[in-house]
**Q** 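First, the structure itself, so that you have it in front of you.
Per chain, numbering begins at 1; letters A, B, ... match sequence-line order.
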Amino acid sequence: MAQFSLNINGKARTVEADPTMPLLWVLRDLLDLTGTKYSCGMGQCGTCTVHLNGAPIRSCMFPISGASNQSITTIEGLSENGDHPLQLAWKEVDVPQCGYCQPGQLMTAAALLKSNPHPSPEEIDANMTGNICRCGTYQRIRTAIQLAAKQGAEK
Amino acid sequence: MSLHPPPLNRRAFLKLSTAASGGLLLGFRWLSAGTTSAASVNFKPNAFLSIAPSGQVTLLSQNPEVGQGIKTAFPMIIGEELDVAWQDVKIEPAPLDTNQYERQVTAGSGAVRSSYSILREAGASARALLVSAAAKEWGVKPATCTTANSTVTHPPTGRTLSYGQLANSASKLPLPASVELKDSSKFTLLGTRVGGTDVPKIVTGEQRYGIDTKKPGMLYGAIVNPPLHGQKLGNVDDTAALKVAGVVKVVSWPDKVAVLATNTYAAFKGQEALKITWQDPKVRESSDRLSQAFADAIANGTGETRRKVGDVERALGQADRVIEATYDVPFLPHAPMEPINMYADVKADSAHLLGPMQTPANGRRIASRILGIPEENITVEITRIGGGFGRRLKIDFVQDAVQASRLAGAPVNIVWKREEDMISGNFRPAGLYHYRAGIDAQGRLTAWHLNSASITSRGAVVPNNFPNGAIPHFQVDTHHIRSEVSTGAWRSPNHNVCALLDESFLEEVGHALGKEPLAFRLELLRQVESAPFGKVDYEPTRLRGVLEAAAEMADWGNPPAGRSHGIAAHYSHHSYVGQVAEVSVTDGNITVHKVYCAVDCGQVINLSSAENQCEGGIVDGIGAAWFGDMPIVEGASANTNFHTYRLIRMSEAPEVVTRFLQTDSPPTGLGEPALPPASAAVANAVFAATGVRIRKLPFIQNDLSA
Ligand code: FES
Ligand code: FES
């Protein structure tokens with residue numbers, strides 16, 4: 001057990017945890033930030049995606065010891081009021097089915113748009129292919145990312 | 001407007017009263033098509049439509065939300081007949097009446113179908129009552145009044161009264177003997193696109209699923225299942241597990257172990273530290289043994305006959321040509337994204353269950369049996385479900401939660417690691433399918449025989465579907481091979497594989513006859529339409545309708561350069577779906593560019609969710625057939641997580657174009673019907689592109705590079 005100081009969604013948090021505990025379980029079980037989801041636990045599906053200093057990581061594989069004093073953003077902190085261009089596009093396109101994979105999809109997409117505000121369809125596919133949607137909402141995810149990119153450009 | 005004939009005595013399923021807090025309360029029974037026939041005067045409502053003096057419209061339901069858009073669809077249906085904005089219809093869970101637990105299952109795509117007319121009746125009855133109340137107040141004829149936007153208006157005088165203002169007086173009027181339901185051409189809500197009710201919460205991470213449950217004093221429980229199919233629990237050495245920081249307890253019951261801890265990570269770590277001996281079954285199951293057993297059974301005879309028209313053996317004996325093919329189908333896990341989980345809080349004489357159940361009534365029954373606590377002392381709450389695909393129809397995980405909480409003496413949320421679900425799930429059954437078709441001297445298809453073997457006692461076939469009805473001698477047989485591998489319903493059970501096999505073999509026959517795929521199907525369907533052989537369950541005209549529509553959408557026969565078309569159609573869950581896949585094959589690698597999907601599912605409720613179901617079903621159907629495999633080796637499931645169990649990904653998902661045919665039929669299933677034909681359309685397109693007929697699943701195990 002050790003103590004860790006974290007910066008999550010702009011807030012300072014302190015947790016007592018096994019240093020090997022993946023960030024995923026710190027968020028979910030210790031901090032009750034359950035928007036970040038568990039599905040495979042081995043970096044294969046992307047449902048657990050969060051941002052570490054703005055870059056997407058698989059929190060199921062990322063030990064808490066590596067997150068000390070770094071800035072972490074989870075789905076709960078993607079925007080203040082649920083109005084990130086991607087969240088708006090997701091609602092507009094009515095993307096989710098069961099919805100379980102969607103926080104991870106959104107976090108991966110948000111990182112993509114940050115580094116590449118106008119991705120081509122091929123770039124979208126290539127970047128999103130690590131995120132599985134068992135319900136098969138891929139087409140809508142694609143559409144929503146394009147919509148968000150377009151609206152970002154119009155602003 | 002069409003006068004809706006009351007199915008039976010209306011009083012037998014609508015009950016009007018004044019709500020305790022004022023306002024109108026209309027009780028009715030839904031999801032109980034089978035039970036209204038009892039026409040009992042003392043029926044108990046299982047749903048209520050209430051209109052409060054504040055104007056709030058609420059639908060109180062005992063039906064769990066199951067992520068299939070019901071939470072949006074039901075208010076839309078009510079709203080349409082009642083003339084209120086659907087957003088103003090709140091849907092709330094009703095307290096569970098212990099004896100009134102029916103049709104609480106998300107399966108068979110049936111929830112909307114079985115509730116459609118009663119929801120409309122309820123909405124229309126409430127509207128009629130409100131109109132009568134207003135007309136009475138004004139001393140005018142009800143027929144001169146109109147409704148819109150939760151308000152009754154008398155256009156000649158311009159007077160208006162809101163539903164809220166009328167709720168009390170309306171609740172004291174007699175129920176109308178019959179009500180007029182809107183003609184579908186007048187619908188303003190049904191068939192439009194409406195976003196899912198929970199989407200705003202989903203995109204912010206606020207939406208809770210079962211796995212997110214956290215309660216005071218709760219322990220996290222990792223469940224350990226036998227690693228090999230058919231193994232029994234021997235000895236558990238938990239010394240090392242209990243040393244893991246955070247692990248509180250290890251408990252076990254027949255053939256399961258649970259590690260209980262203060263967080264999930266500790267529970268998983270504890271699970272890894274367990275030393276368990278397992279007792280082997282007599283034989284360790286393997287896919288190889290099963291394949292051999294399937295082949296032997298098929299070679300030895302006909303097994304159990306599921307359908308028989310004419311005399312297949314004689315017709316085959318007299319045939320000019322016999323075409324044969326054998327198709328090989330693997331096991332398939334469900335792999336929903338939300339892992340298996342369930343919460344239980346067992347007390348001395350009561351219990352609370354909470355989680356992603358598709359069959360809550362069964363869950364409660366089993367809890368009652370395990371605990372010896374009467375069902376009425378067991379409360380049940382259903383969470384939003386992170387994907388079911390049939391997996392959560394089972395209640396094994398409810399047992400796990402109940403046992404773990406009972407033995408730990410604490411509330412427990414159990415979770416199966418992904419690997420546990422892959423290793424010990426209940427799979428879509430593997431099977432072997434041997435087809436024979438007889439062609440007479442005139443080049444007519446006279447006989448069709450499917451002889452199949454699988455590990456389910458009911459047989460993994462759909463014996464009554466097309467081309468049944470088009471062929472004078474038709475027979476379907478199944479063999480049951482026993483196995484330690486447990487199986488269960490997988491999205492669109494049996495259809496998910498039989499559509500692919502039937503539609504593939506049909507093309508093999510058509511090809512042998514030199515017939516064009518679409519023309520061949522239409523020719524057979526014309527036979528069914530004019531003079532079917534034997535009893536036919538599906539409507540051939542509707543099947544033809546979706547085939548023709550899909551062909552038109554895709555410009556069938558004229559695929560873009562370098563691409564090939566494949567077609568298929570299938571009837572399931574009372575809906576008809578025709579599809580054309582646009583595919584190319586380069587160096588043996590398949591690309592599915594596009595799928596055109598024509599659907600006849602009767603009245604569409606929410607167009608957005610209907611399209612989403614089709615898009616998802618197609619992606620799922622194609623992905624499962626393309627990549628899905630679960631070999632059993634030495635008693636073990638060979639694919640333990642998503643690194644080897646391959647799911648379709650975004651870069652492989654086709655663009656889907658969906659069209660719903662305009663019909664007057666009531667709504668039928670849509671959660672499943674778009675799935676079965678998709679893989680068939682792709683397989684047929686692959687044949688068109690390469691000349692290779694895929695007879696072994698998954699597709700990737702076939703060499704298409706030749
Ligand atoms: S749970 Fe982290 S990638 Fe799947
Ligand atoms: S919406 Fe269900 S897994 Fe993506």
Side-chain angles (χ1 to χ4, degrees), chain A residues 1 17-18 20-22 24-26 28-30 32-45 47 74-76 78-79 82 84 86-88 90-92 94-103 106 122 124-126 128-142, chain B residues 67-69 193-196 198-200 202-209 211-212 214 220 245-246 262-266 268-269 335-339 384-389 415 417-419 608-609 612-613 615-620 623 641-643 647-656:
Chain A
M1 286 292 162
D18 178 338
T20 61
M21 186 187 284
L24 170 68
W25 301 116
V26 174
R28 291 180 50 79
D29 295 357
L30 307 187
D32 202 28
L33 289 168
T34 53
T36 305
K37 302 296 186 208
Y38 161 66
S39 189
C40 72
M42 62 177 305
Q44 292 290 323
C45 73
T47 58
T74 70
I75 185 71
E76 289 91 347
L78 183 59
S79 68
H84 184 283
L86 283 164
Q87 288 170 317
L88 297 177
W90 243 246
K91 287 185 258 191
E92 166 100 30
D94 193 25
V95 173
Q97 283 191 31
C98 84
Y100 193 80
C101 73
Q102 302 296 345
L106 279 156
E122 292 72 28
I124 292 177
D125 276 15
M128 299 302 297
T129 216
N131 284 70
I132 297 173
C133 175
R134 182 69 184 77
C135 298
T137 63
Y138 296 127
Q139 176 165 342
R140 289 182 178 220
I141 294 172
R142 245 182 237 144
Chain B
Q68 312 281 353
R193 279 193 185 83
V194 162
D198 292 331
V199 175
I202 289 170
V203 300
T204 55
E206 200 189 311
Q207 175 67 50
R208 292 250 172 186
Y209 293 79
I211 200 167
D212 303 325
K214 196 172 201 177
Y220 294 83
T262 53
N263 63 75
T264 314
Y265 180 59
F268 285 175
K269 249 182 129 176
M337 290 308 277
E338 180 189 13
R384 186 179 180 91
I385 297 177
F389 312 105
V415 59
K417 281 186 86 167
R418 170 62 55 199
E419 287 79 3
S608 181
S609 92
N612 212 346
Q613 289 296 326
E615 292 158 14
I618 287 167
V619 168
D620 195 8
N641 204 322
F642 299 149
H643 60 313
L647 285 161
I648 188 167
R649 291 176 182 266
M650 186 182 280
S651 51
E652 292 144 350
E655 181 191 343
V656 174

**Q** Please flag which part of A:Gln139 lies under 4.5 Å from any non-hydrogen atom of chain B: side chain, backbone, both or neither.
**A** side chain
**Q** With chain B as the partner, which of A:Arg28, A:Glu76, A:Gln102 has the greatest number of non-hydrogen pairs under 4.5 Å?
**A** A:Arg28
**Q** Output the distance between atom SG (A:Cys135) and atom CD (B:Glu615), rounded to the nearest 0.5 Å.
**A**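 It comes to 12.5 Å.
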**Q** Which bit of B:Val619 is near chain A, if near means a heavy-atom gap under 4.5 Å: side chain, backbone, both or neither?
**A** side chain
**Q** Counting N and O atoms only, with roles assigned by atom type, does the side chain of B:Arg649 sit under 3.5 Å from a partner on the main chain of A:Thr129, one being a donor and the other an acceptor?
**A** yes
**Q** Using non-hydrogen atoms only, which part of B:Ile648 is less than 4.5 Å away from chain A: side chain, backbone, both, or neither?
**A** both
**Q** Identify which of B:Glu652, B:His643, B:Glu655, B:Glu206 forms the greatest number of heavy-atom pairs closer than 4.5 Å to chain A.
**A** B:His643
**Q** To the nearest 0.5 Å, what is the distance between CZ (A:Arg140) and CG (B:Asn612)?
**A**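 That separation rounds to 3.5 Å.
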**Q** For B:Pro339, which residues count as a side-chain contact (heavy atoms from CB on, under 4.5 Å) partner, sequence neighbours excluded?
**A**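 Here the qualifying residues are A:Tyr38, A:Tyr100, B:Ile211, B:Val415, B:Arg418.
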**Q** Identify which one of B:Asn263, B:Thr262, B:Thr264 satisfies the side chain to side chain donor-acceptor pair (under 3.5 Å) criterion when paired with A:Asp29.
**A**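 Only one option passes, and that is B:Thr264.
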**Q** Going from CE on B:Met337 to SG on A:Cys98, what distance comes out if it is rounded to the nearest 0.5 angstrom?
**A** 8.0 Å
**Q** Can you tell which part of B:Glu419 gets under 4.5 Å to a heavy atom of chain A, answering side chain, backbone, both or neither?
**A**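 When you check distances to chain A, only side chain atoms of B:Glu419 fall under 4.5 Å.
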**Q** Would you mind checking which part of A:Leu106 comes under 4.5 Å of any heavy atom in chain B, side chain (CB onward), backbone (N, CA, C, O), both or neither?
**A**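 Interface part for A:Leu106: side chain.
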**Q** I need the A:Cys133 SG to B:Asp620 CG distance, nearest 0.5 Å.
**A** 9.5 Å
**Q** What part of A:Thr20 is in contact with chain B, defined as an atom under 4.5 angstrom from a non-hydrogen atom: side chain, backbone, both or neither?
**A** both
**Q** Measuring only between side-chain heavy atoms, which start at C-beta, is B:Thr204 closer than 4.5 Å to A:Gln87?
**A**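 With C-beta onward as the side chain, the pair touches.
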**Q** Name the region of B:Pro200, side chain, backbone, both or neither, that has any atom closer than 4.5 Å to a heavy atom of chain A.
**A** both
**Q** Could you state the interatomic distance from CE (A:Met128) to OG (B:Ser651), rounded to the nearest 0.5 Å?
**A**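 These two atoms lie 11.5 Å from each other.
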**Q** What is the distance from atom OG of A:Ser39 to atom CG of B:Asn641, rounded to the nearest 0.5 Å?
**A**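 Here the interatomic distance stands at 8.0 Å.
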**Q** Any idea which of A:Cys101, A:Gly43, A:Ala126, A:Pro22 has the most non-hydrogen atom pairs under 4.5 angstrom with chain B?
**A**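 Most heavy-atom pairs within the cutoff with chain B belong to A:Pro22.
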**Q** Heavy-atom distances under 4.5 Å only: say whether B:Lys417 touches chain A with side chain, backbone, both or neither.
**A**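 When you check distances to chain A, atoms from both the backbone and side chain of B:Lys417 fall under 4.5 Å.
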**Q** What part of A:Asp32 gets closer than 4.5 Å to chain B, counting heavy atoms only: side chain, backbone, both or neither?
**A**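 Answer is both: backbone and side chain atoms of A:Asp32 are under 4.5 Å from chain B.
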**Q** Which atoms of A:Ile124 are under 4.5 Å from chain B, going by heavy atoms: the side chain, the backbone, both sets, or neither?
**A** both
**Q** What part of A:Lys91 gets within 4.5 angstrom of chain B, counting heavy atoms only: side chain, backbone, both, or neither?
**A**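 Both backbone and side chain.
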**Q** Please name all residues satisfying side chain to side chain donor-acceptor pair (under 3.5 Å) with A:Asp125, sequence neighbours left out, ordered by chain then number.
**A**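 If we apply the side chain to side chain donor-acceptor pair (under 3.5 Å) test to A:Asp125, skipping adjacent residues, the hits are A:Arg142.
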**Q** Any idea which heavy atoms bring B:Phe389 and A:Arg134 closest together, and the distance?
**A**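 For B:Phe389 and A:Arg134, the tightest heavy-atom pair comes out as CE1-CG, 3.3 Å.
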**Q** Given that the side chain runs from C-beta out, which part of B:Arg208 has a heavy atom under 4.5 Å from chain A: side chain, backbone, both or neither?
**A** side chain
**Q** Any side-chain heavy-atom pair from B:Val199 and A:Val95 closer than 4.5 angstrom?
**A** no
**Q** Does the side chain of B:Arg193 reach to within under 4.5 Å of the side chain of A:Asp94, using non-hydrogen atoms?
**A** no
**Q** Checking heavy atoms, do the side chain of B:Gln207, its backbone, both or neither come under 4.5 Å from chain A?
**A**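 It is the backbone, since no side chain atom gets that close.
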**Q** In the structure I gave you, are the side-chain heavy atoms of B:Lys214 and A:Thr34 within less than 4.5 Å of one another anywhere?
**A**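 Not touching, per the 4.5 Å side-chain cut-off.
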